[in-house]
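Here the structure comes first, spelled out in structure tokens, and everything after it is commentary.
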Amino acid sequence: SRRMPKVLAVCASRSRKIPKHIVGVGFFERDYGLVGDANAGPGPNQVALIGIETHRKLRRNERVPIDVGELGENLLTQGLNSRRLRLGTRLRVGDVVLEVSQLGLDNRERAERLVLGKGERLDDVVYCIVRREGYIKAGDKIEVLKYREVPHHDAGVSKDEVHRIQ
């Protein structure tokens with residue numbers, strides 16, 4: 001059987017500037033995000049998931065070392081294929097249920113990152129909202145739950161991209 005995706009690290013930052021730093025365990029509040037993280041709050045981008053695979057790809061392409069948290073992720077994951085997720089997909093991580101709310105960066109975030117000198121195209125970033133609150137820690141498994149149809153946000157997912165990930 002295929003190994004289940006898992007969380008390698010939980011990361012937070014008190015300021016909106018990246019990088020985030022590793023915290024051992026985080027409390028993810030419903031409709032808010034990771035308590036103590038500057039990016040948490042109501043709205044579609046409460047929790048950011050980025051795979052260790054993206055870190056490795058950027059390291060290869062950009063030839064620069066990238067530390068955990070440097071890309072702004074709250075959850076550094078392993079084995080989660082973002083290409084197979086859709087808006088509305090639910091993920092069970094530890095006790096927490098997350099719902100995918102955005103795939104890839106929207107144009108505003110891209111512009112912000114360019115200003116910060118972070119021009120990487122993070123198409124593999126997955127943003128979620130917290131549907132069921134609880135704690136997440138490194139080592140927690142990520143279970144992909146059934147897909148629910150939801151209206152698409154305008155947030156940077158074109159029809160093209162939606163077609164590509166289906």
Side-chain angles (χ1 to χ4, degrees), residues 5-59 61-62 64-80 82 85 87-142 150 152-157 161:
K6 66 177 181 181
V7 174
L8 294 182
V10 180
C11 306
S13 175
R14 294 255 171 226
S15 111
R16 287 186 70 95
K17 292 201 184 83
I18 38 189
K20 298 184 186 295
H21 56 274
I22 296 173
V23 294
V25 62
F27 185 73
F28 290 75
E29 187 180 307
R30 181 180 163 82
D31 291 329
Y32 180 78
L34 174 55
V35 174
D37 183 61
N39 290 98
N45 297 7
Q46 295 168 10
V47 181
L49 285 68
I50 294 178
I52 188 75
E53 301 83 1
T54 299
H55 275 252
R56 289 181 186 135
K57 187 172 71 183
L58 287 171
R59 255 189 222 124
N61 297 349
E62 317 280 326
V64 288
I66 298 168
D67 287 328
V68 174
E70 198 172 328
L71 299 177
E73 67 272 26
N74 295 119
L75 297 176
L76 179 68
T77 65
Q78 181 176 43
L80 182 67
S82 64
L85 300 176
L87 298 181
T89 300
R90 292 192 174 194
L91 307 172
R92 184 183 290 129
V93 191
D95 304 326
V96 176
V97 175
L98 302 174
E99 182 179 304
V100 176
S101 56
Q102 186 180 313
L103 293 158
L105 297 175
D106 66 24
N107 292 332
R108 184 186 56 79
E109 292 163 316
R110 246 183 217 124
E112 272 179 15
R113 279 175 185 261
L114 284 170
V115 168
L116 290 168
K118 303 220 168 267
E120 317 96 349
R121 281 182 59 81
L122 279 184
D123 296 321
D124 300 332
V125 65
V126 176
Y127 287 104
C128 296
I129 53 179
V130 181
R131 287 296 186 196
R132 191 171 82 207
E133 63 185 27
Y135 291 94
I136 296 177
K137 62 186 183 313
D140 281 349
K141 300 279 186 280
I142 302 171
V150 293
H152 292 309
H153 294 285
D154 279 342
V157 180
E161 288 174 300

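Computed from a predicted model, the values in this text were never measured in an experiment. Side chains included, hydrogens not; waters and symmetry mates left out as well; all remaining heavy atoms used.
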Exercise for review: Please report the shortest heavy-atom distance between Ile129 and Ser101, naming the atom on each side.
Suggested key: N-OG, 3.9 Å
Check your understanding: Taking the side chain as C-beta and beyond, is there a heavy-atom pair between Leu49 and Val93 under 4.5 Å?
Key -> no
Check your understanding: Taking side chain as C-beta onward, heavy atoms only, is Leu85 less than 4.5 Å from Leu80?
Key -> yes
Review point. Is a side-chain donor or acceptor of His21 paired with a backbone partner of Cys11 at a separation under 3.5 angstrom?
Key: no
Review point. Are any non-hydrogen side-chain atoms of Ser13 and Asp37 less than 4.5 angstrom apart?
Key: yes
Exercise for review: Report the distance from atom CG of Asp124 to atom OG of Ser82, rounding to the nearest 0.5 Å.
Suggested key: 4.0 Å
Check your understanding: Is there side-chain contact between Val126 and Gln102, with at least one heavy-atom pair below 4.5 Å?
Key -> no
Check your understanding: Between Glu73 and Thr54, is any pair of side-chain heavy atoms under 4.5 Å apart?
Key -> no
Exercise for review: Supply the atom-to-atom distance Glu53 CD to Gln78 CD, rounded to the nearest 0.5 angstrom.
Suggested key: 6.5 Å
Practice item. Given side-chain contact (heavy atoms from CB on, under 4.5 Å), test Ile50 with His55 step by step and report yes or no. Key: CA-CA 8 Å; Ile50 294 178; His55 275 252; 4.2 Å; yes
**Study point:** Nearest-0.5 Å distance, CG of residue Leu75 to CG of residue Leu34
**Key:** 8.0 Å
Practice item. Look at the side chain of Gln46 and the backbone N and O of Cys128, then say whether any donor-acceptor pair between them is shorter than 3.5 Å. Key: no
Check your understanding: Do you know which of Arg30, Arg92, Arg90 makes salt bridge (charged side-chain N to carboxylate O under 4.0 Å, His left out) with Glu99?
Key -> Arg90
Point to revise | Heavy-atom closest pair, residues Lys20 and Gly72 | key: CE-O, 3.0 Å
Practice item. I would like to know whether Asn45 and Asn39 meet side-chain contact (heavy atoms from CB on, under 4.5 Å); could you show each step before the answer? Key: CA-CA 8 Å; Asn45 297 7; Asn39 290 98; over 6 Å; no
Check your understanding: Any side-chain heavy-atom pair from Tyr135 and Val10 closer than 4.5 angstrom?
Key -> no
Practice item. Report yes if some heavy atom in the side chain of Val97 is under 4.5 Å from a heavy atom in the side chain of Leu91; otherwise report no. Key: no
Review point. So, do Ile52 and Leu76 sit near enough that their side-chain heavy atoms are less than 4.5 Å apart?
Key: yes
Study note, to complete from the structure: The reported gap from CZ in Phe27 to CD1 in Ile136 (rounded to nearest 0.5 angstrom) is 10.5 Å
**Study point:** Polar side-chain atom of Asp31 near backbone of Pro42 as donor-acceptor pair, under 3.5 Å
**Key:** no
Exercise for review: Looking only at non-hydrogen atoms, find the nearest pair between Gly79 and Pro5 and report the distance.
Suggested key: O-CG, 3.5 Å
Exercise for review: Dump the intermediate steps for side-chain contact (heavy atoms from CB on, under 4.5 Å) on Val7 and Lys137, then the final yes or no.
Suggested key: CA-CA 7 Å; Val7 174; Lys137 62 186 183 313; over 6 Å; no
Point to revise | Shortest non-hydrogen contact from Tyr127 toward Ala48 | key: CE2-CB, 3.7 Å
